[in-house]
Amino acid sequence: MTVRTRFAPSPTGLLHIGNARAALFNYLYAKHYHGEFLLRIEDTDRERSTQQAVDVILDGLAWMGLIPDKPPVYQSTRIKRHQEIALHLLETGKAYKCFCTPEELAEMRTKAKVEGKPPRYNGYWRDRDPSEAPPNTPYTIRIKAPREGKTIIHDLVQGDVTVGNIELDDMIILRADSTPTYQHAVVCDDHDMNITHVIRGDDHLTNSFRQLMIYHAMGWEIPQFAHLPLIHGPDGAKLSKRHGASSVMEFRDEGYLPEALCNYLLRLGWGHGDDEILSREEQIKLFDLDGVGRSPSRMDYTKLNHINAYWLRQADSKRLCKKILSRLNKRNNLKLDEQNQQKILKLMPSLKERAKNLNELAENAAFLCMTIPLNFTDKAQKLLNDGNRILLKKLAIELNKLPNFTKDSINHCLHEFAQKEKLKLGKVAQPLRAAITGNTISPGIDDTLFALGKNEVLARLGAIING
RNA sequence: GUCUCGUUCGUCUAGAGGCCUAGGACAUUGCCCUCUCACGGCAAUAACACGGGUUCAAAUCCCGUACGAGACGCCA
């Protein structure tokens with residue numbers, strides 16, 4: 001049997017991090033078993049479901065590298081099928097018409113709550129003849145829930161979960177306007193799509209018991225369920241805006257790499273021995289549901305940063321240059337011509353060792369593209385005192401003499417100069433760094449000089465010496 | 001309120017009755033490396049929620065308690 005999983009988000013205009021993780025787990029599980037990963041857009045709420053909102057999901061999944069194996073199924077296109085099944089259930093006596101008004105139902109719930117009972121539908125129309133209803137009264141179709149016994153779900157993550165059938169009520173499968181409810185549509189679609197494993201958030205666990213009623217009524221084969229624990233904010237409360245980024249696009253904009261986000265999300269709530277850093281190939285090879293924990297986990301932005309920094313170091317330099325260019329473009333007073341882009345590429349191996357995200361990377365690379373006069377940080381300004389300016393003037397002469405402006409020759413020159421001046425290298429390197437980067441922090445001084453190039457270094461020094 | 005689930009360092013986790021003096025990672029602190037900042041290396045701090053059982057032996061099995069979470073819509 002081919003394993004077939006699905007990710008079934010509703011297009012709300014946002015791809016939440018919890019949903020993204022569900023998508024990841026579905027994808028990895030399918031790939032691990034050489035199965036198929038499918039996408040279904042649950043767009044039955046036509047008002048919220050704009051193409052724009054759908055694109056957010058599609059773009060987000062593509063960014064994370066979670067490409068479905070088939071074109072997405074749009075739930076809204078399947079309403080006729082949902083209705084057909086609901087009607088079939090009605091005809092076979094597994095469902096019935098309910099003429100209660102929303103007001104009556106609300107009253108029913110409040111009453112039950114006051115009595116300390118679970119707020120449920122009391123089955124008023126279950127055994128009543130529809131002729132008892134006033135003519136032309138709108139009605140919903142409800143499925144007949146079992147009234148005795150219990151239902152067990154063998155959840156691949158949560159284990160066996162048992163609920164007494166008395167807890168279930170006759171839920172609505174077709175609304176008064178004859179559109180299907182979520183519970184109904186999900187079951188029909190999962191069945192028709194031949195889904196073998198339903199992997200989703202733990203918030204759906206109790207839904208599963210209700211959905212099971214439809215499977216039973218239709219005599220359909222029941223898929224395997226796996227309910228993933230939820231992601232909370234760092235304080236243990238539900239993850240929200242106040243905690244920081246919570247949607248995939250936000251993480252992208254804040255400069256996280258997709259492989260880092262995926263790596264982090266995978267390790268959040270899943271473990272395989274002491275493994276921490278995993279490539280997509282390793283993830284597919286190692287992932288299985290028995291490694292998923294049962295308790296909710298907290299979002300740890302610091303650890304995400306660490307993992308992002310790791311993948312940044314591993315990333316291809318050209319790719320990173322491309323990614324920071326758009327960020328650099330948003331800044332003023334930068335010259336981003338071909339020549340300066342080459343400088344960034346030259347320094348990228350050192351640059352990427354020092355950044356936690358793409359925004360920092362762009363920030364750290366910016367000095368390469370600045371025009372004279374540079375902007376100086378306070379600390380840099382302090383270093384450029386009169387004494388150091390004289391020192392730099394002497395150093396400029398030495399640097400100018402270098403026939404080949406290579407990393408080695410620069411390094412050699414600086415050491416020699418420091419020795420001659422009876423100074424530690426740091427006493428030379430720091431003022432130099434300040435003069436040519438405007439900052440006290442940068443990659444190694446030899447790398448930095450080499451990337452900037454002889455002409456630019458001397459020009460920047462000149463501006464200091466004569467300024 | 002009712003039902004369901006969960007609880008190992010601050011956080012993510014390893015742990016399937018003796019390998020546990022509870023391991024790893026992030027964070028924190030110290031040291032080393034060093035031209036700055038990082039990276040890297042070494043070290044330190046730090047946890048089995050609580051109470052009862054079962055057993056020669058419990059983080060691991062059972063039962064309670066506490067705390068936390070989720071679900072209870074003609075939303076998805």
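Labels below follow one simple rule: chain letters A, B, ... track the order of the sequence lines, proteins then strands, and each chain is numbered from 1.
- A59(B) and C9(B) have their P atoms separated by 15 Å, given to the nearest Å.
- When atom types are taken as modelled, the side chain of His16(A) and the backbone of Ser247(A) share no donor-acceptor pair closer than 3.5 angstrom.
- When distances are taken from the side chain of Ser295(A) to each of G6(B), C74(B), C3(B), the shortest belongs to G6(B).
- Contact annotation for Leu268(A): backbone-only contact, meaning every heavy-atom pair under 4.0 Å involves sugar-phosphate atoms and none involves a base.
- The nearest whole Å value for the distance from the CG atom in Asp290(A) to the P atom in U13(B) is 15 Å.
- Between Arg109(A) atom CZ and C3(B) atom P the separation is 19 Å, expressed in whole Å.
- Put simply, the side chain of Asp59(A) never gets that close to the backbone of Met249(A): no donor and acceptor are under 3.5 Å apart.
- No side-chain heavy atom of Ile199(A) sits less than 4.5 Å from a side-chain heavy atom of Val157(A).
- Using a 4.0 Å heavy-atom distance criterion, Thr162(A) is classed as a sugar-phosphate-only contact.
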Practice task
Summarise how protein sits on nucleotides 29-50 of chain B as a single string, 5' to 3': B when a protein heavy atom is under 4.0 Å from the base, S for sugar-phosphate-only contact, - for no contact.
Solution key: ------BBBBSS----------
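- Look at the P atom in both U7(B) and A14(B): the space between them is 11 Å, to the nearest Å.
- When both distances must be under 3.5 Å, the Watson-Crick or G-U wobble mate of U54(B) does not exist.
- Nearest-nucleotide positions on RNA chain B place Gly164(A) closer to the 5' end than the other of Gly291(A) and Gly164(A).
- G23(B) and A46(B) have their C1' atoms separated by 14 Å, with the value rounded to a whole Å.
- The backbone N or O of Arg126(A) sits nowhere less than 3.5 Å from a side-chain atom of Arg142(A) that would complete a donor-acceptor pair.
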Strictly under 3.5 Å: I want the nitrogen or oxygen pairs between protein and nucleotides 19-24 of chain B, one per line.
residue : atom : partner   : partner atom : Å
G23(B)  : N2   : Asp274(A) : OD1          : 3.1
G24(B)  : N2   : Glu276(A) : OE2          : 2.9

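- Nucleotides U55(B) and A49(B) place their C1' atoms 23 Å apart, quoted to the nearest Å.
- Taking the C1' atom of each, A47(B) and U11(B) are spaced 12 Å apart, rounded to whole Å.
- Shown here, A59(B) forms no base pair; nothing in the strands shown gives a Watson-Crick or G-U wobble contact with both key distances under 3.5 Å.
- Rounded to whole Å, the distance from CG on Asn19(A) to P on C75(B) is 20 Å.
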Practice task
Starting at the 5' end of nucleotides 60-71 of chain B, put B wherever the base has a protein heavy atom under 4.0 Å, S where only the sugar-phosphate does, and a dash everywhere else.
Solution key: ---------SSS
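- With both pairing distances under 3.5 Å, U36(B) is matched to nothing as a Watson-Crick or G-U wobble pair.
- The minimum heavy-atom distance linking Phe450(A) with Thr406(A) is given by the pair CD1-CA, 3.9 Å.
- Atoms CG (Asp160(A)) and P (C3(B)) sit 20 Å apart, rounded to a whole Å.
- Remark: A22(B) base-pairs with no nucleotide in the shown strands. Criterion, Watson-Crick or G-U wobble with two distances under 3.5 Å.
- The P atoms of U60(B) and G30(B) are separated by 38 Å, rounded to the nearest whole Å.
- Remark: the separation of the P atoms in U36(B) and C31(B) is 15 Å, to the nearest Å.
- Among the protein residues, Cys100(A) comes within range of the nucleic acid bases, having at least one heavy atom under 4.0 Å from a base atom.
- Using the Watson-Crick or G-U wobble rule with both distances under 3.5 Å, C31(B) pairs with G41(B).
- Computed from coordinates, the Leu286(A) CG to U13(B) C1' distance equals 15 Å when rounded to whole Å.
- For Leu105(A) and C72(B), the CG to C1' distance is 14 Å, given to the nearest whole Å.
- A distance-only check finds no donor-acceptor pair linking the side chain of Ser178(A) to the backbone of Leu174(A) [under 3.5 Å].
- Residues Val198(A) and Gln211(A) fail the side-chain proximity criterion, which asks for heavy atoms closer than 4.5 Å.
- Here Thr44(A) lies in heavy-atom contact (under 4.0 Å) with sugar-phosphate atoms only.
- Contact of the Tyr124(A) side chain with the Cys98(A) side chain is not registered, since no non-hydrogen atoms from C-beta on lie closer than 4.5 Å.
- With a cut-off of 3.5 Å on both Watson-Crick or G-U wobble distances, the partner of A14(B) is given as none.
- Looking at Ile153(A) and Phe209(A), their side chains come closer than 4.5 Å, going by heavy atoms from C-beta outward.
- A donor-acceptor pair under 3.5 Å is formed between the side chain of Glu104(A) and the backbone N or O of Thr101(A).
- Comparing the P positions of A71(B) and A76(B) gives a spacing of 15 Å, expressed to the nearest Å.
- Taking side-chain N and O atoms only, Thr181(A) has no distance below 4.0 Å to OP1 or OP2 of G73(B).
- Residues Thr437(A) and Arg433(A) have side chains that never bring a donor and an acceptor to within less than 3.5 angstrom of each other.
- As rounded to whole Å, 15 Å separates atom C1' of A76(B) from atom CD1 of Ile172(A).
- Each of Gln158(A) and Thr302(A) was matched to the nucleotide of RNA chain B holding its nearest heavy atom; the match closer to the 5' end belongs to Gln158(A).
- Across all strands shown, U4(B) pairs with A69(B); the Watson-Crick or G-U wobble distances both stay below 3.5 Å.
- The backbone N or O of Leu452(A) lies less than 3.5 Å from no partner atom in the side chain of Arg460(A), so there is not a single donor-acceptor pair.
- One interatomic measurement links the two molecules: CZ of Arg298(A) to P of U8(B), which rounds to 10 Å at whole-angstrom precision.
- For the pair Asp43(A) and Val54(A), the minimum side-chain heavy-atom distance is 4.5 Å or more.
- The distance between the ring centers of Tyr96(A) and Trp125(A) does not fall below 6.0 angstrom.
- Between Tyr29(A) and His197(A), the two ring planes are tilted [angle within 30° to 60°].
- Residue Thr140(A) is classed as a base contact, given a heavy-atom separation below 4.0 Å to a base.
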